[in-house]
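Heads up: the structure comes next, in structure tokens.
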Amino acid sequence: MSRYANLSRQELIARLSALEGISSSSSEPSTADVPPVAGPSVSHAAAAATAGPSTLTTTAPGVTTGDSTPSSAVDESLTGLNKSQRRANKRDEKPFHFPSHPTRHIALLVAYHGWPYSGLALQPPTSPDAPIVQTVESELIAALEKTRLIEVGKGWEGCGYSRCGRTDRGVSGEGQVVNLWVRSARRPGDGGSDLGGGGWKEAREPSPPKPAAPDEGQIEDESSTGKTVEAKSKSTTVEYPYPKLLNSVLPHSIRILAWSPLSRPFDSRFSCSHRHYRYAFHLRPTPTSPPLDLALMRDAAARLIGEFDHRNFCKLDGSKQIENHRRTVLEAYFEESEEIQGMMVFNLIGTAFLWHQVRHIIAILFLIGSKLEKPELVSDLLDVEKFPSKPNYMMGHPLPLTLHHCGYPDEAGLDWRFGGYDGPYSSLAEEDKETLYPVAMGGREGFERTLDSSKQQAELRAWQIGGSMKKMNQVLGPSRAEKIGGCLWPVGGGEFQMTGKYRPVETRTRGETPDEVNRKWREIKERRGAAAASAAAAAAGAPVATDMVSARDE
């Protein structure tokens, strides 16, 4: 009876109820009734009541040799808890210790909607009492911590995180690439692919005693989801299915499309060879306005190709102290949208981009397509002798802008997959890919169905909104072209500007040059530093160096 001494009242009631259920239904089959292979016939209830701790030799799941009883079956019948509840209890009893797990370097392919968030990058709260700023990375790091793939509280520095490109508030991404170190299920000598090359690390601290091994054909997933990853082939060693784990806890506006093992030195930002942005727009800014002149826009876009100083196609930031604004545009072209009739997509591919560069470029192209400016304006703005600083004009709306693709050379070693297969995949023969597909891409079809469902819902909403316009035309007749006393041009995202008299860009007020912006920022920083030093000296009772402050103000 000593084994029941430490049980609570509820646990005792559960165990007694289980014992009574077994004895009263001996004629009915039970999940706990697993006959022994040999030895005298002993009821499991009697065995549970009389037998003490013993060592069992298991030959198959739920079957034991000799006159012993399957401990797992008896435990299930006595506790009254299902498997997930028992696993949850074990997790509660034993806190998770991240340093006792190995880690590995991986890349993630991330897609996200920009409009619900204040940009991509993780941002500190505006004040100690302020809530967390909702960004894509704030959701991503929360998901990584919840699934215990990174150590809680260590931030991006603790996992070596890096991103390819930073997108601003409202800008979306469908091909963002990030790399980081995450928890790994692999172990040396587990029969899987080689763990050498610097992409896998042993645990920093010894592992605690391991719990009972999971069923054959399954790999225990120690994440907070409490699920298991089915091993489709006994000869295939698999890793955690990182996209599946993260997508189960991420909001639907952020999706992990794929992951890649990394065995070579890789940085998603500095290893990138080019970035591809796409900007969608309708040829007609409004239902009654004339369409944009696509030929003029193509002429202007072609003038962007090459290496030029793009100071007049970006927003200057003195805090970055950028002195070189030369950037290389590899391609700039337009294509019709495959999904939506009447919509065009502007593609801009370059090695690197400045702050708001794409949105400034599309704004000038809209002016040219509206026949308010000539294509030569692009060449003029790229001439820093003619335009040493940027004229004032509104940049394009962020909603239609998407980071479409991040390009890397073959030597970067990216090898995308969705499932937990850990080994070379893209370089395999098609026959081998077909064999490994259930492990390498397991769960992809179901995930794709959820994406398509969201796409269909968005299309149905657009169809319903369009139906209102069609009904109005049926009842009131077709609309006529508006008589505007000035001019109209789009700014993207379904928005436009109207003015009585258009003022050419060349005649508008110009901002400061990059050198002036950088110099003013340095001066402000120095004044703030001197003021902080003076305040600290005054608080400490030391004399204030007022002469130094006034000299800097001059």
Side-chain angles (χ1 to χ4, degrees), residues 106-117 120 136 139-140 143-144 146-147 149 164 167 171-179 182 219 221 223 225 227-233 236 238-261 268 276 278 280 335-341 343 345 347 400 402-408 414-428 430-463:
I106 68 169
L108 296 175
L109 184 63
V110 188
Y112 51 89
H113 300 154
W115 54 86
Y117 302 105
L120 168 71
V136 175
E139 296 288 352
L140 181 58
L144 288 163
K146 187 174 183 179
T147 53
L149 293 178
C164 178
T167 55
V171 179
S172 300
E174 58 193 22
Q176 179 73 260
V177 176
V178 303
N179 65 284
V182 295
I219 295 176
D221 174 19
S223 70
T225 59
K227 299 179 181 179
T228 57
V229 183
E230 295 290 341
K232 301 300 181 181
S233 172
T236 302
V238 298
E239 181 59 274
Y240 291 124
Y242 296 112
K244 184 177 180 181
L245 290 178
L246 291 170
N247 288 333
S248 67
V249 296
L250 279 169
H252 291 291
S253 52
I254 305 174
R255 301 283 85 179
I256 306 300
L257 304 182
W259 76 281
S260 171
S268 55
H276 183 173
R278 305 178 77 191
E335 61 182 356
E336 294 185 8
S337 172
E338 299 178 355
E339 293 83 9
I340 302 177
Q341 184 179 4
M343 192 169 77
V345 178
N347 295 267
T402 299
L403 176 56
H404 173 64
H405 178 68
C406 300
Y408 297 90
L414 290 176
D415 192 359
W416 299 112
R417 75 282 313 277
F418 188 83
Y421 169 68
D422 184 20
Y425 187 74
S426 61
S427 59
L428 298 177
E430 291 301 322
E431 182 178 355
D432 295 331
K433 287 183 180 180
E434 187 67 24
T435 302
L436 291 170
Y437 186 89
V439 188
M441 300 296 171
R444 173 191 168 176
E445 285 74 14
F447 175 63
E448 194 169 359
R449 284 194 296 270
T450 62
L451 292 179
D452 187 69
S453 176
S454 300
K455 178 175 177 289
Q456 291 186 30
Q457 292 176 13
E459 291 173 346
L460 289 172
R461 292 188 181 98
W463 172 75

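For this chain, numbers begin at 1 and follow the sequence in order.
Residues satisfying the side chain to side chain donor-acceptor pair (under 3.5 Å) test with His405, not counting sequence neighbours, are none. Applying the side chain to side chain donor-acceptor pair (under 3.5 Å) rule to Ser172 yields no partners; only residues at least two apart in sequence or on another chain are considered. Under the rule for a ring pair (Phe, Tyr, Trp, His ring centres under 6.0 Å), Tyr112 has no partner lying at least two apart in sequence or in another chain. Legend: residues meeting side-chain contact (heavy atoms from CB on, under 4.5 Å) with Pro251, ordered by chain and number and at least two apart, are Tyr117, Glu139, Ser253, Ile254. Residues forming a salt bridge (charged side-chain N to carboxylate O under 4.0 Å, His left out) with Glu335 (at least two apart in sequence, or on another chain): Arg278. When the salt bridge (charged side-chain N to carboxylate O under 4.0 Å, His left out) test is applied to Glu338, no partner is found at least two apart in sequence or on another chain. Every residue two or more places apart in sequence or in another chain was checked for a side chain to side chain donor-acceptor pair (under 3.5 Å) with Thr435, and none qualifies. Partners of Glu431 by side chain to side chain donor-acceptor pair (under 3.5 Å), not counting sequence neighbours: none found.
Not a single donor-acceptor pair under 3.5 Å links the side chain of Thr402 to the backbone N or O of His404. No side-chain donor-acceptor contact under 3.5 Å links Trp416 to the backbone of Ala107. Within the 3.5 Å criterion, the main-chain N or O of Ser268 finds a donor-acceptor partner in the side chain of Asn179.
Other residues, nucleotides and ligands place more than 12 heavy atoms under 6.0 Å from the CD atom of Gln457.
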Would you mind writing out the side-chain donor-acceptor pairs for residues 448-455 within the sub-3.5 Å range, not counting sequence neighbours?
unit_1: Thr450; atom_1: OG1; unit_2: Phe447; atom_2: O; d: 2.5
unit_1: Asp452; atom_1: OD2; unit_2: Gln456; atom_2: NE2; d: 2.6
unit_1: Ser454; atom_1: OG; unit_2: Thr450; atom_2: O; d: 3.3
unit_1: Lys455; atom_1: NZ; unit_2: Glu459; atom_2: OE2; d: 2.6

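Using a 4.5 Å heavy-atom cutoff, the side chains of Leu144 and Leu246 are in contact. Residues Asp422 and Val238 have side chains not in contact (no heavy-atom distance under 4.5 Å, counting atoms from C-beta outward). Counting only heavy atoms from C-beta outward, the side chains of Asn347 and Val345 approach each other to under 4.5 Å. A 4.5 Å side-chain heavy-atom check between Cys164 and Tyr408 finds at least one atom pair inside the cut-off. A 4.5 Å side-chain heavy-atom check between Arg417 and Asp415 finds at least one atom pair inside the cut-off.
The distance from atom CG of Leu245 to atom CG of Leu250, rounded to the nearest 0.5 Å, is 10.5 Å. Put simply, CG on Leu149 and CG on Leu108 are 9.0 Å apart, with the number rounded to the nearest 0.5 Å. We find the NZ-CE distance between Lys433 and Met441 to be 8.0 Å, quoted to the nearest 0.5 Å. Interatomic distance, Ile256 CD1 to Leu140 CG, rounded to the nearest 0.5 Å: 5.5 Å. Taking CG of Asn247 as the reference point, atom OG1 of Thr147 lies at 10.5 Å (rounded to 0.5 Å). In this structure, the separation between SG on Cys406 and NE2 on His276 is 11.0 Å, given to the nearest 0.5 Å.
Residue pairs meeting the salt bridge (charged side-chain N to carboxylate O under 4.0 Å, His left out) criterion with at least one partner in residues 251-261, sequence neighbours excluded, do not occur; the list is empty.
Across every non-hydrogen atom of Tyr425 and Tyr437, the tightest pair is OH-CD1, 3.6 Å.
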| message | Show, in sequence, the C-alpha distance, side-chain angles and deciding distance for Leu428 and Leu436, and conclude whether the side chain to side chain contact (heavy atoms under 4.5 Å, CB included) test is met. | response | CA-CA 10 Å; Leu428 298 177; Leu436 291 170; 3.6 Å; yes

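The aromatic rings of Tyr240 and Tyr242 sit perpendicular to each other, their planes meeting at more than 60°, with 30° as the lower class boundary.
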